[in-house]
2 protein chains.
Amino acid sequence: MPGRQPGLTNESAGHLAEAAPSSRGATRSQVDAAIRSGLLTGRFIPGKAVTIRGLAGELGVSPMPVREVLQRLSAENALEVKRNGRVQVPDMTRDRFEEVLTARLLLEPELAERALPHLTLQDVKTLTALDDDIDQRIVGGDAEAYMRLNHAFHFHIYRASASKVLLPLIDSLWLQFAPFMRTVYGRVGTASLVDQHKEAIRAIELKDSAALRAAISGDIADGMGLLGKEILESATAG
Amino acid sequence: MPGRQPGLTNESAGHLAEAAPSSRGATRSQVDAAIRSGLLTGRFIPGKAVTIRGLAGELGVSPMPVREVLQRLSAENALEVKRNGRVQVPDMTRDRFEEVLTARLLLEPELAERALPHLTLQDVKTLTALDDDIDQRIVGGDAEAYMRLNHAFHFHIYRASASKVLLPLIDSLWLQFAPFMRTVYGRVGTASLVDQHKEAIRAIELKDSAALRAAISGDIADGMGLLGKEILESATAG
DNA sequence: CGTGTCATTTTGTGATCACAAAACCTGAAC
DNA sequence: GTTCAGGTTTTGTGATCACAAAATGACACG
């Protein structure tokens with residue numbers, strides 16, 4: 001931990017993992033990872049204001065790196081800066097939801113197909129293990145773990161593509177819909193969840209691009225299309 | 001200009017437009033607009049380092065808002081933070097170029113189609129005027145003006161969609177390829193430029209979605225596919 | 001009990017500071 | 001001329017400060 005406070009010693013160490021202390025921008029990286037993970041697993045509630053000093057206090061760092069990370073995430077549309085400067089997780093609307101769904105269906109099958117040639121037997125084993133874990137969490141009703149593992153499953157595939165353009169775009173999309181989906185699972189539970197992970201794994205084993213595209217598309221439709229639509233149609237606010 | 005320097009009066013006023021002085025985050029907005037516009041018109045050279053204090057000095061502001069804007073643009077992959085902390089316009093590679101092209105072809109026709117119902121006769125007039133101006137700049141060889149106007153043409157269409165998801169993704173893509181395209185025009189000139197703007201305008205007049213999709217796709221292929229590919233194949237570095 | 005007003009606190013923003021790492025320049029040694 | 005060591009300068013980062021706008025709470029008034 002780079003102790004660099006002019007007038008105050010780094011008391012109480014904060015809650016951040018005490019990982020690699022050196023390296024340029026290490027604090028910002030850790031804050032970034034912490035908040036991103038919090039968004040993806042639904043630990044932030046849409047509409048609830050997020051304060052710089054609040055987060056800085058929780059993470060045991062100064063407001064500076066938090067400010068930069070919040071700006072960063074706002075640029076990815078994972079957070080929203082309102083006119084008065086407050087930043088919050090944007091609440092979902094029907095239009096936004098439909099756009100995210102469209103964008104996912106356009107981009108994710110494409111990137112999965114590009115990843116296919118790079119996926120090895122070892123990846124298949126990893127994905128199978130992740131999927132087994134996911135199935136257990138679904139019946140166990142652990143929504144947060146489900147979201148974390150489902151993200152891990154998809155991005156283990158996508159990352160194999162070594163993409164520098166499509167992958168960040170999809171990253172942004174996940175950050176946008178994840179907090180909302182968390183509230184959905186909080187209402188309807190995880191029991192009704194279905195996915196097409198096994199179809200995707202099979203397609204990877206067979207190196208069948210068309211089947212993989214279909215599995216990814218179907219998985220997206222299963223996960224978002226079924227659940228989210230109805231929720232948004234019944235109530236105005238997510 | 002919010003004069004708020006504790007130990008120094010705001011000497012020399014800087015080059016920033018002296019627009020709306022109040023409002024939260026006004027300085028950051030101006031810095032953001034200035035750098036974005038600089039990227040889109042190719043005033044930054046890929047590979048060349050961009051320094052916080054340097055930009056702050058040019059714009060006549062403190063390093064703080066520049067830092068935040070640079071982080072913001074890095075999150076959109078318009079800039080790249082290297083391991084040592086330096087930030088620069090990423091230089092183009094063949095893979096990156098191909099991915100940007102793919103993403104544009106997937107997203108932009110879709111968003112144009114969504115914008116179509118909202119486009120009025122007034123918009124057609126605006127687009128026609130822009131296109132006329134573009135044609136003149138092409139023969140005049142003014143690459144910077146061409147890039148600014150071409151961006152204005154496309155985004156005048158896209159913005160009509162009132163999109164909150166697809167539009168920012170496309171924004172990010174333009175920021176990524178614009179600086180590279182500027183270097184391309186610098187080499188081969190603008191004389192060889194062709195576009196399908198007139199086909200797009202005609203499709204908008206007729207409210208023909210399929211024709212509009214085709215025009216946008218064709219325009220993208222004309223603008224990027226023809227020029228960029230060869231450049232990248234001849235030399236390793238852009 | 002609701003409502004408007006004023007003081008207090010919280011919060012974002014821009015600025016400056018201190019420090020370490022990186023980049024840069026200089027010059028001696030071979 | 002090249003290379004490597006050294007010191008100097010530049011640069012990003014994290015921290016803190018000061019200020020204004022916004023949010024919050026208290027309290028009198030109807």
Side-chain angles (χ1 to χ4, degrees), chain A residues 1-14 16 18-32 34 47-75 79-88, chain B residues 1-14 16 18-32 34 47-75 79-88:
Chain A
M1 194 76 57
R4 208 186 294 165
Q5 293 93 338
L8 172 65
T9 100
N10 190 355
E11 41 133 353
S12 91
L16 270 185
E18 63 291 309
S22 58
S23 181
R24 205 91 165 193
T27 307
R28 184 172 57 215
S29 293
Q30 293 179 16
V31 170
D32 188 273
K48 197 75 157 293
V50 166
T51 68
I52 295 177
R53 287 174 173 88
L55 273 172
E58 286 180 29
L59 297 170
V61 299
S62 97
M64 275 300 317
V66 178
R67 275 170 70 169
E68 295 188 345
V69 168
L70 256 42
Q71 287 294 324
R72 200 163 237 281
L73 290 167
S74 301
L79 294 172
E80 176 187 27
V81 283
K82 312 197 70 176
R83 187 135 26 74
N84 47 1
R86 297 295 280 271
V87 24
Q88 64 175 51
Chain B
M1 194 78 54
R4 209 185 293 164
Q5 293 92 336
L8 173 65
T9 100
N10 190 355
E11 43 132 354
S12 92
L16 271 184
E18 63 291 309
S22 57
S23 181
R24 205 90 165 193
T27 307
R28 184 172 57 215
S29 293
Q30 293 180 16
V31 171
D32 187 274
K48 198 73 156 292
V50 167
T51 68
I52 295 177
R53 287 174 172 89
L55 273 172
E58 286 181 29
L59 297 170
V61 299
S62 96
M64 275 300 316
V66 178
R67 277 171 69 169
E68 295 189 345
V69 169
L70 257 41
Q71 288 294 323
R72 199 166 239 282
L73 290 167
S74 301
L79 295 173
E80 176 186 27
V81 282
K82 312 196 72 176
R83 187 133 30 74
N84 47 359
R86 297 294 280 272
V87 25
Q88 64 176 52

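Throughout, a chain's letter reflects where its sequence line sits, starting with A, and its residues are numbered from 1. On a predicted model such as this, the values are computed, not experimentally measured, just so you know.
DNA chain C is contacted by both Val87(A) and Met64(A); Val87(A) maps to the nucleotide lying nearer its 5′ end (nearest heavy atom per residue).
Between the OG1 atom in Thr51(B) and the CD atom in Gln88(B) there is a gap of 12.5 Å [rounded to 0.5 Å]. The line from CD of Glu68(A) to CD of Glu68(B) is 7.0 Å long, rounded to the nearest 0.5 Å. To the nearest 0.5 Å, atoms CD (Gln71(A)) and CZ (Arg67(B)) are separated by 12.0 Å.
The nearest whole Å value for the distance from the CD1 atom in Ile52(B) to the P atom in dT16(C) is 15 Å. Spacing between atom CG of Leu70(A) and atom P of dG12(C) amounts to 8 Å, rounded to whole angstrom units. Rounded to whole Å, the distance from CD on Gln88(A) to C1' on dG12(C) is 15 Å. Between Arg72(A) atom CZ and dT13(D) atom P the separation is 10 Å, expressed in whole Å. Between Leu59(B) atom CG and dA15(C) atom C1' there is a gap of 16 Å when expressed in whole angstrom units. If you take NZ of Lys48(A) and C1' of dA23(D), they are 15 Å apart, rounded to a whole angstrom. Put simply, CD on Glu68(A) is 7 Å from P on dT13(D), counting in whole angstrom units. Nucleotide dG14(D) holds its C1' atom 7 Å from the CZ atom of Arg67(B), rounded to whole Å.
In the set dG12(C), dT16(C), dG14(D), dG14(D) carries the atom at the smallest distance from any side-chain atom of Pro65(A).
Nearest heavy atoms, Arg28(A) versus Pro65(A): CA-CB, 4.2 Å. Between Arg53(A) and Pro63(A), the closest heavy-atom pair is CG-CG, 4.5 Å.
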Identify the pairs formed between an N or O of the protein and an N or O of nucleotides 22-24 of chain C at a distance under 3.5 Å, and give each distance.
| residue | atom | partner | partner atom | Å |
| --- | --- | --- | --- | --- |
| dA22(C) | O3' | Asn84(B) | ND2 | 3.4 |
| dA23(C) | OP1 | Asn84(B) | ND2 | 2.5 |

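Distances shown here put a side-chain N or O of Ser62(B) below 4.0 Å from the OP1 or OP2 atom of dA15(C).
Put simply, the side chain of Leu70(B) reaches to within 4.5 Å of the side chain of Leu55(B), judged on heavy atoms. A heavy-atom distance below 4.5 Å is not found between the side chains of Arg86(A) and Arg24(B).
Within the 4.0 angstrom heavy-atom criterion, only backbone atoms of the sugar-phosphate kind lie near Val50(A); the bases stay farther away.
Checked by distance alone, Arg28(B) brings no side-chain donor or acceptor within 3.5 Å of a matching partner on the base of dG14(C).
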